[in-house]
Protein chains: 2
Amino acid sequence: MTKIEKTLENKSVRPTAMRILIYKYMAEKKIAVAMTDIENVFEKAERTTLYRTLKTFEEKGIVHQIDDGTNISKFALCELGCSCELDQDLHLHFHCSNCNETVCLTEHKIPHINLPEGYIAEEANLVLKGICDKCSGH
Amino acid sequence: MTKIEKTLENKSVRPTAMRILIYKYMAEKKIAVAMTDIENVFEKAERTTLYRTLKTFEEKGIVHQIDDGTNISKFALCELGCSCELDQDLHLHFHCSNCNETVCLTEHKIPHINLPEGYIAEEANLVLKGICDKCSGH
DNA sequence: TTTTTCAATGCAACAGAAGTGCAATTAATG
DNA sequence: CATTAATTGCACTTCTGTTGCATTGAAAAA
């Protein structure tokens, strides 16, 4: 049993071939992936399966969904310490308007915000847009 | 000439009947509105017109588009001091998961984030999710 | 005032993302 | 092996957003 299979089982997700492949793909790619990316890579597979796989992954805390403002949902593997399963995923994301890639800045946490009376924050989503390190050239 | 007409002209937008109505609607509603909201209110009007009106408003700095993570674009009138026309709209938004409404917290600015070497931030979007003051009951 | 011109609107069709119901297949369990 | 449940494949639908083109309407020029 591979490491990936173990990871999936630990999260009570049956390690099927499809799921292992998708997990592997996401692990290799360092950036957040969109559905279309995955579709292009796994052309033989059904779109629905891919959707449902990602949904399952998300529900089980294997990936987290990222809304980077492009109106296209992206997904990234949760890392150790990623607390998105608690609806408290506080790291921020960076979307490069040049290469159109979105990365997790896991080491950068969202600062605490003092809300007005009566507001109760449960989740936070912070996306910075601009030019990433690869595109800025240093 | 009404105040709304003047506002539109100041932003070099021709104050047509449709545009005045949409502006009025958004001014009365305090929260951010979705396309579907506007469609439901102005059933006689074409969906395309509404889209294009909002796009024009956005380009001219009359409204700003909000991505609150629901995958449905929302719009809110820019207020005095709202600098979204500079692509630097730094106030944050709150989305209530109970009533599903999104409000601008214009007085709450997004804190500065120190990015890793090579990253250049040009825009920022911060959305907090949770329970709003009306739904929390105090 | 009439004509010209251009912006605004209406209409139709399209594209892409996402979700659903159901059948077929596959894997786990007794 | 048989039963059961989960997974996947297929077809279809919905919803958001966009585009091209014809038509209308309003402002500016003749």
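Below, all heavy atoms of this structure are taken into account, side chains as well, without hydrogens, waters or symmetry copies.
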For a quick test of your reading: what N or O donor-acceptor pairs under 3.5 Å do the side chains of residues 12-22 of chain A make, sequence neighbours left out?
residue, atom, partner, partner atom, Å
A/Thr16, OG1, A/Arg19, N, 3.4
A/Arg19, NH1, A/Arg14, O, 3.0

Which side-chain N or O atoms in residues 31-41 of chain A pair as donor and acceptor under 3.5 Å with protein atoms at least two apart or in another chain?
residue, atom, partner, partner atom, Å
A/Asp37, OD2, A/Ala34, N, 2.8
A/Asn40, ND2, A/Thr36, O, 3.2

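A straight line from CZ of A/Phe42 to C1' of D/dT8 spans 15 Å, rounded to a whole angstrom. Computed from coordinates, the A/Lys60 NZ to D/dA6 P distance equals 10 Å when rounded to whole Å. Distance CZ (A/Phe57) to C1' (D/dT7): 12 Å, rounded to an integer number of Å. Rounding to whole angstrom units, CG of residue A/Asp68 and P of C/dA17 are separated by 13 Å. With rounding to whole Å, A/Ile38 atom CD1 is found 14 Å from C/dA17 atom C1'. For A/Glu59 and D/dT7, the CD to P distance is 11 Å, given to the nearest whole Å. In this structure, A/Leu21 atom CG and D/dT8 atom C1' are separated by 14 Å, rounded to whole Å. Straight-line distance from the CE atom of A/Met18 to the P atom of D/dT8: 8 Å, rounded to whole Å.
For residues 99-108 of chain B, the side chain to side chain donor-acceptor pair (under 3.5 Å) pairs, not counting sequence neighbours, are B/Asp68-B/Thr102, B/His95-B/Asn100, B/His95-B/Thr102, B/Glu101-B/Lys134.
Atoms CD and CG, on A/Glu28 and A/Leu77 in that order, are 10.5 Å from each other to the nearest 0.5 Å. To the nearest 0.5 Å, atom CG of residue B/Leu8 and atom OG1 of residue B/Thr56 are 10.5 Å apart.
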- Item | B/S/- contact track for nucleotides 25-30 of chain C, protein heavy atom under 4.0 Å | ---S--
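Ring pair B/Phe75/B/Phe57: centre-to-centre distance not below 6.0 Å.
In the helix from C/dT1-D/dA30 to C/dG30-D/dC1, the rotation axis of the first five pairs and that of the last five pairs differ in direction by 10°, rounded to 10 degrees.
For B/Thr49 (side chain) and B/Ala45 (main-chain N/O), no donor-acceptor pair under 3.5 Å exists by modelled atom type. Side-chain N or O atoms of B/Ser136 include one that pairs as donor or acceptor with a backbone N or O of A/Gly118 at under 3.5 Å.
Of the options A/Ile110, A/Asn125, A/Val127, a side chain to side chain contact (heavy atoms under 4.5 Å, CB included) to B/Leu126 is made by A/Ile110 and by none of the others.
Two residues are said to be in side-chain contact when any heavy atoms from C-beta on lie closer than 4.5 Å; B/Val103 and B/His93 fail this criterion.
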Hey, what are the protein-to-nucleotides 16-23 of chain D N/O distances that come in under 3.5 Å?
residue, atom, partner, partner atom, Å
D/dG17, OP1, B/Ser73, N, 3.3
D/dG17, OP1, B/Ser73, OG, 3.2
D/dG17, OP2, B/Tyr51, OH, 3.1
D/dG17, N7, B/Arg47, NH1, 2.9
D/dG17, O6, B/Arg47, NH2, 2.8
D/dG20, O6, B/Arg52, NH2, 3.1

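No single ILVMFWY cluster, assembled from side-chain heavy atoms under 4.5 Å apart, contains both A/Leu50 and A/Ile72.
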